[in-house]
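No experiment lies behind these values; they were computed from the predicted model shown.
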Amino acid sequence: ELKKFLEEGVYEATARAHLTAKITSVGDFISDKYQISTKSDIILITEYLYCDDDYAPVVCNKHYILPEYFYIEFNAIK
């Protein structure tokens, strides 16, 4: 149940999210886990999830994406 909550329920339980995306080099930990060369670059998306009025995140997720599969789109609503 914890895994399901962290993958799905946490998004319903939290009020806001803060995401960052940056290009970074592949370190030993990532290359060993995903079989990617340490000479490669990778997109790191860091996601912080917060409850109402929290200053510290409840959950922090890291997502790794190969640059050739990265696509970003913004849809702003006033």
Side-chain angles (χ1 to χ4, degrees):
E1 288 189 28
L2 178 60
K3 182 180 177 185
K4 185 175 181 178
F5 175 76
L6 290 174
E7 291 177 348
E8 299 171 17
V10 71
Y11 293 98
E12 295 171 13
T14 53
R16 62 187 178 93
H18 176 87
L19 287 92
T20 61
K22 69 177 184 176
I23 298 172
T24 187
S25 57
V26 175
D28 292 334
F29 174 77
I30 298 169
S31 68
D32 291 344
K33 189 172 184 177
Y34 297 105
Q35 298 178 353
I36 301 171
S37 170
T38 56
K39 297 178 183 177
S40 301
D41 283 338
I42 197 163
I43 306 293
L44 168 61
I45 298 177
T46 308
E47 174 185 44
Y48 299 95
L49 302 174
Y50 299 85
C51 289
D52 287 330
D53 300 327
D54 278 350
Y55 294 104
V58 177
V59 174
C60 176
N61 294 313
K62 291 183 179 181
H63 308 278
Y64 300 98
I65 301 173
L66 293 172
E68 58 266 28
Y69 297 109
F70 181 72
Y71 172 81
I72 190 166
E73 180 176 320
F74 297 98
N75 181 19
I77 300 173
K78 284 184 151 183

Any N61 side-chain heavy atom under 4.5 Å of L6 side chain: no
Within-4.5 Å side-chain heavy-atom neighbours: Y50 and T14: no
Between atom [atom1] of [X] and atom [atom2] of [Y], what is the distance when rounded to the nearest 0.5 Å?
X	Y	atom1	atom2	result
I42	H63	CD1	NE2	12.5 Å
H18	E47	NE2	CD	11.0 Å
R16	D52	CZ	CG	9.0 Å

E1 atom CD, neighbour heavy-atom count above 12 within 6.0 Å: no
Heavy-atom pair with the smallest gap, counting every atom of C51 and A13: SG-O, 4.1 Å
Nearest non-hydrogen partners of V10 and V59, listed with the distance: CG2-CG2, 3.5 Å
ILVMFWY cluster, V26 and L44 together (side-chain gap under 4.5 Å): yes
Same apolar cluster (I L V M F W Y, side chains within < 4.5 Å links), L19/I65: yes
Worked check of side chain to side chain contact (heavy atoms under 4.5 Å, CB included) between I23 and I43: CA-CA 5 Å; I23 298 172; I43 306 293; 3.6 Å; yes
Check against side chain to side chain contact (heavy atoms under 4.5 Å, CB included), F70 and I45: CA-CA 10 Å; F70 181 72; I45 298 177; 3.9 Å; yes
